Student: 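To start, I am sharing the structure in question, which I have written as C-alpha coordinates.
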Amino acid sequence: SAQYFYRGKSLTSDDALGTPSNIDSQHQFGAALGGPIKKDKQFFFLAFDVQRQHGPLVTQFARDVTGVGAPEFGIADLHDLEGPHTQFQNLFTILGRYDLQLGQNDRISIRSFYTQNKTDGFTGGRGQNQIQADFGNTENFENSGHNSVITWNKVLNGGKSFNEVKVSYYDSKRPRHPNSTIPEIVIVDTGTIGQRFFLPIDGNQDKFTVQENFQYAFGKHDMKFGADINAYSTRNNLFFGWSAGSYEFATLEDFEAKQPFAFIQGFGFNGIPYQQAALSAERSYQTGYGLYAQDKWQVSRRFTVTYGL
(Lines give C-alpha, C1' and ligand atoms only; values in the text may rest on other atoms or scores of the structure.)
Protein backbone atom coordinates (compact mmCIF):
# COMPACT_ATOMS: atom_id res chain seq x y z
CA SER A 1 0.00 0.00 0.00
CA ALA A 2 1.06 3.63 -0.50
CA GLN A 3 -0.29 7.05 0.49
CA TYR A 4 0.29 10.71 -0.39
CA PHE A 5 -1.04 13.91 1.20
CA TYR A 6 -0.62 17.50 0.02
CA ARG A 7 -1.59 20.77 1.65
CA GLY A 8 -0.79 24.04 -0.09
CA LYS A 9 -1.14 27.70 0.81
CA SER A 10 -4.15 28.10 -1.47
CA LEU A 11 -5.91 25.29 0.40
CA THR A 12 -5.44 26.85 3.85
CA SER A 13 -7.33 29.83 5.27
CA ASP A 14 -6.74 31.99 8.34
CA ASP A 15 -7.76 30.57 11.71
CA ALA A 16 -10.69 31.78 13.84
CA LEU A 17 -8.58 34.66 15.22
CA GLY A 18 -7.53 35.81 11.75
CA THR A 19 -3.97 34.50 12.05
CA PRO A 20 -2.57 33.37 8.69
CA SER A 21 -1.37 29.79 8.30
CA ASN A 22 2.34 29.12 8.78
CA ILE A 23 2.27 26.48 6.04
CA ASP A 24 3.05 27.30 2.40
CA SER A 25 3.59 23.69 1.40
CA GLN A 26 3.14 20.35 3.16
CA HIS A 27 3.84 16.96 1.62
CA GLN A 28 3.46 13.59 3.30
CA PHE A 29 4.00 10.27 1.59
CA GLY A 30 4.80 6.72 2.55
CA ALA A 31 4.37 3.07 1.73
CA ALA A 32 4.12 -0.34 3.40
CA LEU A 33 4.97 -3.79 2.09
CA GLY A 34 4.77 -7.14 3.80
CA GLY A 35 4.29 -10.83 3.20
CA PRO A 36 5.82 -14.29 3.41
CA ILE A 37 9.41 -14.99 2.45
CA LYS A 38 8.91 -18.71 2.90
CA LYS A 39 5.39 -20.06 3.41
CA ASP A 40 4.52 -20.71 7.07
CA LYS A 41 8.16 -20.09 7.99
CA GLN A 42 9.45 -16.56 7.37
CA PHE A 43 7.63 -13.24 7.09
CA PHE A 44 8.61 -9.60 6.60
CA PHE A 45 7.09 -6.14 6.91
CA LEU A 46 8.57 -2.78 5.85
CA ALA A 47 7.04 0.69 6.07
CA PHE A 48 8.24 4.27 5.79
CA ASP A 49 6.78 7.77 6.09
CA VAL A 50 8.23 11.09 4.88
CA GLN A 51 6.95 14.58 5.72
CA ARG A 52 8.15 17.88 4.21
CA GLN A 53 6.68 21.14 5.48
CA HIS A 54 7.72 24.78 5.16
CA GLY A 55 6.17 28.19 5.55
CA PRO A 56 6.58 31.65 7.07
CA LEU A 57 7.50 32.53 10.63
CA VAL A 58 6.69 36.22 11.06
CA THR A 59 8.70 38.56 13.26
CA GLN A 60 6.60 41.47 14.56
CA PHE A 61 8.00 43.54 17.41
CA ALA A 62 5.58 45.11 19.91
CA ARG A 63 6.82 48.65 19.18
CA ASP A 64 7.91 50.55 16.10
CA VAL A 65 11.66 49.91 15.77
CA THR A 66 12.22 51.75 12.50
CA GLY A 67 15.52 53.61 12.63
CA VAL A 68 16.73 51.82 15.77
CA GLY A 69 19.90 49.83 15.19
CA ALA A 70 22.68 47.89 16.88
CA PRO A 71 25.72 48.58 14.66
CA GLU A 72 28.06 46.88 17.13
CA PHE A 73 26.31 43.61 16.23
CA GLY A 74 25.99 44.34 12.52
CA ILE A 75 22.31 45.40 12.66
CA ALA A 76 21.68 48.73 10.92
CA ASP A 77 17.92 48.79 11.57
CA LEU A 78 15.84 46.46 13.77
CA HIS A 79 12.96 46.95 11.32
CA ASP A 80 14.93 44.94 8.77
CA LEU A 81 14.55 41.90 11.05
CA GLU A 82 10.75 42.04 10.87
CA GLY A 83 8.57 40.21 8.38
CA PRO A 84 8.35 36.59 7.25
CA HIS A 85 11.21 34.11 7.42
CA THR A 86 11.21 30.57 6.06
CA GLN A 87 10.86 27.80 8.61
CA PHE A 88 10.74 24.10 7.79
CA GLN A 89 10.27 20.68 9.36
CA ASN A 90 11.37 17.48 7.59
CA LEU A 91 10.47 14.14 9.16
CA PHE A 92 11.50 10.63 8.13
CA THR A 93 10.45 7.34 9.74
CA ILE A 94 11.10 3.74 8.75
CA LEU A 95 10.03 0.47 10.37
CA GLY A 96 11.10 -3.06 9.52
CA ARG A 97 10.07 -6.41 10.97
CA TYR A 98 11.13 -10.03 10.37
CA ASP A 99 9.42 -13.11 11.85
CA LEU A 100 10.85 -16.63 11.87
CA GLN A 101 8.64 -19.57 12.83
CA LEU A 102 11.13 -22.08 14.26
CA GLY A 103 8.45 -24.67 14.98
CA GLN A 104 4.82 -25.00 15.93
CA ASN A 105 5.53 -23.48 19.36
CA ASP A 106 8.54 -21.24 18.68
CA ARG A 107 8.70 -17.84 17.02
CA ILE A 108 11.48 -15.24 16.82
CA SER A 109 10.64 -11.64 15.87
CA ILE A 110 13.09 -8.89 15.00
CA ARG A 111 11.83 -5.30 14.79
CA SER A 112 13.80 -2.14 14.04
CA PHE A 113 12.63 1.47 13.97
CA TYR A 114 14.41 4.70 12.97
CA THR A 115 13.19 8.29 12.99
CA GLN A 116 14.75 11.63 12.07
CA ASN A 117 13.56 15.20 12.53
CA LYS A 118 15.27 18.12 10.73
CA THR A 119 13.81 21.47 11.75
CA ASP A 120 14.77 25.11 11.30
CA GLY A 121 12.97 28.05 12.89
CA PHE A 122 11.77 26.28 16.04
CA THR A 123 10.70 28.92 18.57
CA GLY A 124 10.83 26.79 21.71
CA GLY A 125 7.15 26.94 22.60
CA ARG A 126 6.34 30.51 21.54
CA GLY A 127 4.14 29.55 18.60
CA GLN A 128 5.16 28.97 15.00
CA ASN A 129 3.09 31.71 13.30
CA GLN A 130 4.21 35.07 14.68
CA ILE A 131 6.65 35.99 17.45
CA GLN A 132 8.08 39.17 19.02
CA ALA A 133 11.61 37.98 18.25
CA ASP A 134 13.89 37.88 15.25
CA PHE A 135 14.60 34.63 13.38
CA GLY A 136 18.04 34.53 15.01
CA ASN A 137 16.29 33.91 18.35
CA THR A 138 15.03 30.54 17.05
CA GLU A 139 16.92 27.26 16.67
CA ASN A 140 17.66 24.48 14.24
CA PHE A 141 18.26 20.82 15.01
CA GLU A 142 18.57 17.34 13.55
CA ASN A 143 17.28 14.81 16.06
CA SER A 144 17.33 11.09 15.45
CA GLY A 145 16.38 7.94 17.31
CA HIS A 146 16.70 4.21 16.76
CA ASN A 147 15.16 1.21 18.49
CA SER A 148 15.66 -2.50 17.79
CA VAL A 149 13.95 -5.41 19.56
CA ILE A 150 14.46 -9.17 19.37
CA THR A 151 11.73 -11.34 20.90
CA TRP A 152 11.59 -15.12 21.34
CA ASN A 153 8.20 -16.60 22.20
CA LYS A 154 7.80 -20.27 23.15
CA VAL A 155 4.70 -22.27 24.12
CA LEU A 156 5.32 -25.11 26.61
CA ASN A 157 3.44 -27.96 28.29
CA GLY A 158 0.79 -28.26 25.64
CA GLY A 159 -0.22 -24.62 25.90
CA LYS A 160 -0.28 -24.38 29.69
CA SER A 161 2.98 -22.40 29.84
CA PHE A 162 4.33 -19.52 27.84
CA ASN A 163 7.81 -18.00 27.90
CA GLU A 164 9.01 -14.74 26.38
CA VAL A 165 12.57 -13.40 26.18
CA LYS A 166 13.03 -9.88 24.88
CA VAL A 167 16.24 -7.93 24.19
CA SER A 168 16.07 -4.30 23.06
CA TYR A 169 18.42 -1.42 22.32
CA TYR A 170 17.56 2.27 21.98
CA ASP A 171 19.68 5.31 21.19
CA SER A 172 18.94 8.95 20.48
CA LYS A 173 20.85 12.05 19.40
CA ARG A 174 19.43 15.50 20.15
CA PRO A 175 21.71 18.38 19.15
CA ARG A 176 20.11 21.86 19.18
CA HIS A 177 21.84 24.83 17.50
CA PRO A 178 21.18 28.59 17.64
CA ASN A 179 20.36 30.61 14.52
CA SER A 180 22.45 33.55 15.70
CA THR A 181 25.83 34.09 17.33
CA ILE A 182 25.33 37.57 18.77
CA PRO A 183 24.32 38.00 22.45
CA GLU A 184 20.64 37.70 23.25
CA ILE A 185 19.09 41.15 23.66
CA VAL A 186 15.79 41.26 25.53
CA ILE A 187 13.85 44.52 25.27
CA VAL A 188 10.94 43.96 27.62
CA ASP A 189 8.40 46.28 25.93
CA THR A 190 9.50 45.46 22.38
CA GLY A 191 10.91 41.98 21.72
CA THR A 192 14.05 39.86 21.59
CA ILE A 193 16.94 39.45 19.16
CA GLY A 194 20.11 37.36 19.12
CA GLN A 195 21.04 33.85 20.25
CA ARG A 196 18.51 32.13 22.53
CA PHE A 197 20.09 32.11 25.98
CA PHE A 198 19.92 28.33 26.61
CA LEU A 199 21.55 27.28 23.32
CA PRO A 200 23.42 25.30 22.18
CA ILE A 201 22.35 22.00 23.76
CA ASP A 202 23.54 18.50 22.93
CA GLY A 203 23.10 15.03 24.35
CA ASN A 204 23.09 11.37 23.37
CA GLN A 205 21.31 8.59 25.24
CA ASP A 206 21.43 4.79 25.07
CA LYS A 207 19.27 2.15 26.71
CA PHE A 208 19.79 -1.61 26.73
CA THR A 209 17.07 -3.87 28.15
CA VAL A 210 16.74 -7.62 28.74
CA GLN A 211 13.37 -9.02 29.85
CA GLU A 212 12.21 -12.50 30.83
CA ASN A 213 8.50 -13.30 31.28
CA PHE A 214 7.08 -16.72 32.15
CA GLN A 215 3.40 -17.62 32.45
CA TYR A 216 1.97 -20.88 33.81
CA ALA A 217 -1.71 -21.79 34.07
CA PHE A 218 -3.05 -24.66 36.18
CA GLY A 219 -6.36 -25.34 37.86
CA LYS A 220 -7.86 -22.01 38.83
CA HIS A 221 -4.52 -20.19 38.82
CA ASP A 222 -2.75 -18.12 36.17
CA MET A 223 0.74 -17.35 37.45
CA LYS A 224 3.30 -14.98 35.96
CA PHE A 225 6.96 -14.44 36.82
CA GLY A 226 9.46 -12.07 35.30
CA ALA A 227 12.70 -10.16 35.54
CA ASP A 228 14.34 -7.32 33.65
CA ILE A 229 17.61 -5.43 33.49
CA ASN A 230 17.71 -1.85 32.22
CA ALA A 231 21.06 -0.21 31.49
CA TYR A 232 21.07 3.51 30.64
CA SER A 233 23.94 5.69 29.52
CA THR A 234 24.34 9.32 28.48
CA ARG A 235 27.27 10.92 26.69
CA ASN A 236 28.37 14.26 25.25
CA ASN A 237 25.83 16.12 27.35
CA LEU A 238 26.16 19.85 26.75
CA PHE A 239 24.22 22.71 28.32
CA PHE A 240 25.98 25.83 27.11
CA GLY A 241 23.63 28.41 28.65
CA TRP A 242 24.37 32.13 28.22
CA SER A 243 27.44 31.26 26.13
CA ALA A 244 26.98 34.44 24.08
CA GLY A 245 25.66 36.49 26.99
CA SER A 246 22.27 38.13 27.47
CA TYR A 247 21.47 41.85 27.81
CA GLU A 248 18.13 42.93 29.29
CA PHE A 249 16.57 46.37 28.74
CA ALA A 250 13.31 47.60 30.27
CA THR A 251 12.31 49.79 27.31
CA LEU A 252 13.25 50.53 23.72
CA GLU A 253 14.52 53.94 24.89
CA ASP A 254 16.89 52.22 27.33
CA PHE A 255 18.18 50.09 24.46
CA GLU A 256 18.85 53.18 22.33
CA ALA A 257 20.62 54.75 25.33
CA LYS A 258 22.60 51.51 25.86
CA GLN A 259 21.43 51.25 29.49
CA PRO A 260 20.64 47.59 30.31
CA PHE A 261 19.35 46.70 33.76
CA ALA A 262 20.99 43.26 33.65
CA PHE A 263 23.64 41.24 31.86
CA ILE A 264 24.15 37.48 32.21
CA GLN A 265 27.20 35.60 30.97
CA GLY A 266 28.22 31.98 31.46
CA PHE A 267 31.89 31.15 32.01
CA GLY A 268 34.16 28.34 33.14
CA PHE A 269 36.19 28.19 36.36
CA ASN A 270 39.91 27.66 36.93
CA GLY A 271 40.96 28.72 33.45
CA ILE A 272 38.80 26.08 31.74
CA PRO A 273 37.03 27.38 28.60
CA TYR A 274 33.28 27.61 29.15
CA GLN A 275 32.30 25.13 26.42
CA GLN A 276 34.76 22.58 27.77
CA ALA A 277 33.45 23.10 31.30
CA ALA A 278 29.84 22.76 30.12
CA LEU A 279 30.47 19.54 28.18
CA SER A 280 30.17 16.23 29.97
CA ALA A 281 32.10 14.08 27.49
CA GLU A 282 32.39 11.04 29.72
CA ARG A 283 29.59 8.51 29.76
CA SER A 284 27.38 8.29 32.81
CA TYR A 285 25.67 5.00 33.61
CA GLN A 286 22.61 3.83 35.50
CA THR A 287 21.44 0.23 35.80
CA GLY A 288 18.12 -0.98 37.17
CA TYR A 289 16.95 -4.49 38.08
CA GLY A 290 13.40 -5.69 38.46
CA LEU A 291 11.60 -8.86 39.54
CA TYR A 292 7.90 -9.65 39.79
CA ALA A 293 5.55 -12.52 40.58
CA GLN A 294 1.78 -12.49 40.14
CA ASP A 295 -1.11 -14.92 40.49
CA LYS A 296 -4.66 -14.58 39.22
CA TRP A 297 -6.83 -16.96 41.23
CA GLN A 298 -10.36 -17.67 40.00
CA VAL A 299 -11.93 -18.52 43.36
CA SER A 300 -15.42 -18.78 41.83
CA ARG A 301 -17.31 -17.63 38.77
CA ARG A 302 -18.00 -14.30 40.48
CA PHE A 303 -14.90 -13.83 42.56
CA THR A 304 -11.27 -13.43 41.42
CA VAL A 305 -8.23 -12.64 43.55
CA THR A 306 -5.13 -11.10 41.99
CA TYR A 307 -2.01 -10.69 44.10
CA GLY A 308 1.67 -10.29 43.43
CA LEU A 309 5.00 -8.87 44.39
Side-chain angles (χ1 to χ4, degrees), residues 1-3 28-51 91-117 144-173 204-234 285-309:
S1 65
Q3 54 88 17
Q28 181 176 356
F29 56 93
L33 178 67
I37 301 173
K38 186 176 180 180
K39 185 178 180 180
D40 298 330
K41 187 73 173 180
Q42 299 179 63
F43 310 86
F44 82 96
F45 178 80
L46 182 66
F48 75 93
D49 183 83
V50 178
Q51 298 183 43
L91 306 176
F92 172 74
T93 302
I94 186 169
L95 168 68
R97 175 167 178 157
Y98 170 77
D99 291 286
L100 174 62
Q101 193 75 35
L102 296 174
Q104 184 177 357
N105 298 319
D106 287 88
R107 175 185 286 252
I108 291 179
S109 298
I110 302 174
R111 184 181 73 246
S112 190
F113 173 84
Y114 175 79
T115 182
Q116 183 184 70
N117 180 351
S144 63
H146 158 258
N147 177 246
S148 290
V149 182
I150 301 176
T151 305
W152 177 27
N153 294 321
K154 187 176 182 64
V155 179
L156 304 165
N157 299 324
K160 294 183 178 180
S161 302
F162 176 79
N163 191 70
E164 178 188 63
V165 178
K166 183 182 294 185
V167 179
S168 66
Y169 174 75
Y170 164 82
D171 72 271
S172 67
K173 300 176 178 62
N204 302 325
Q205 295 181 336
D206 303 89
K207 179 182 178 182
F208 180 74
T209 302
V210 179
Q211 294 177 313
E212 162 66 27
N213 297 290
F214 179 76
Q215 182 176 356
Y216 178 54
F218 64 97
K220 296 184 178 182
H221 296 268
D222 183 3
M223 303 193 70
K224 297 179 182 179
F225 306 90
D228 65 69
I229 301 174
N230 294 281
Y232 304 86
S233 73
T234 60
Y285 297 91
Q286 180 179 350
T287 303
Y289 303 91
L291 295 170
Y292 77 91
Q294 176 182 304
D295 181 25
K296 183 179 180 181
W297 179 18
Q298 189 75 44
V299 180
S300 68
R301 293 176 58 187
R302 297 184 178 182
F303 185 58
T304 300
V305 176
T306 301
Y307 56 96
L309 177 63

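The structure displayed is predicted, hence computed values, not measured ones.
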Student: Going through the checks in order, is the side-chain contact (heavy atoms from CB on, under 4.5 Å) test met by Phe44 and Leu33?
Tutor: CA-CA 8 Å; Phe44 82 96; Leu33 178 67; 4.0 Å; yes
Student: Would you check if Tyr170 and Thr209 make a side-chain contact, meaning some heavy-atom pair closer than 4.5 Å?
Tutor: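 Heavy-atom side-chain distance check fails, nothing below 4.5 Å.
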Student: Looking at Asp222 and Lys224, is there a salt bridge between them, counting it only when a charged N and a carboxylate O are closer than 4.0 Å?
Tutor: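 No salt bridge links Lys224 with Asp222.
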Student: Would one find more than 12 heavy atoms of other residues, nucleotides or ligands at under 6.0 Å from atom CZ of Arg111?
Tutor: no
Student: So, do Tyr169 and Asp206 sit near enough that their side-chain heavy atoms are less than 4.5 Å apart?
Tutor: yes
Student: First locate atom NZ of Lys220, then atom CH2 of Trp297, and finally report the distance between them rounded to the nearest 0.5 Å.
Tutor: 8.5 Å
Student: Distance check, rounded to the nearest 0.5 Å: Lys207 atom NZ versus Ser168 atom OG?
Tutor: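 So the gap between those two atoms works out to 6.5 Å.
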Student: Is there a side-chain contact between Phe29 and Phe48, using heavy atoms and a 4.5 Å cut-off?
Tutor: yes
Student: Should we count NZ of Lys154 as having more than 12 external heavy atoms under 6.0 Å?
Tutor: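 Yes.
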Student: To the nearest 0.5 Å, what is the distance between CG on Leu156 and CG on Asn105?
Tutor: 7.5 Å
Student: Measuring only between side-chain heavy atoms, which start at C-beta, is Leu95 closer than 4.5 Å to Phe45?
Tutor: yes
Student: Do the non-hydrogen side-chain atoms of Asp228 and Asn230 ever get within less than 4.5 Å of each other?
Tutor: yes
Student: Taking the side chain as every heavy atom from C-beta outward, state whether Asn163 and Trp152 have any atom pair closer than 4.5 Å.
Tutor: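 Not in contact.
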Student: Flag yes if more than 12 heavy atoms outside Gln104 fall under 6.0 Å of its CD atom; otherwise flag no.
Tutor: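 No, the 6.0 Å shell around CD holds no more than 12 heavy atoms from other groups.
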Student: Begin from the C-alpha positions of Ser1 and Gln3 and carry the test side-chain contact (heavy atoms from CB on, under 4.5 Å) through to its verdict.
Tutor: CA-CA 7 Å; Ser1 65; Gln3 54 88 17; over 6 Å; no
Student: May I ask you to test the Tyr232-Gln205 pair for a side-chain heavy-atom distance under 4.5 Å?
Tutor: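 No, side chains not in contact.
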Student: Would Ser148 and His146 count as a side chain to side chain donor-acceptor pair (under 3.5 Å) here? Give the steps.
Tutor: CA-CA 7 Å; Ser148 290; His146 158 258; 2.7 Å; yes
Student: Met223 versus Phe218: any side-chain heavy-atom pair under 4.5 Å?
Tutor: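 The answer is yes, as the side chains (C-beta and beyond) meet within the 4.5 Å cut-off.
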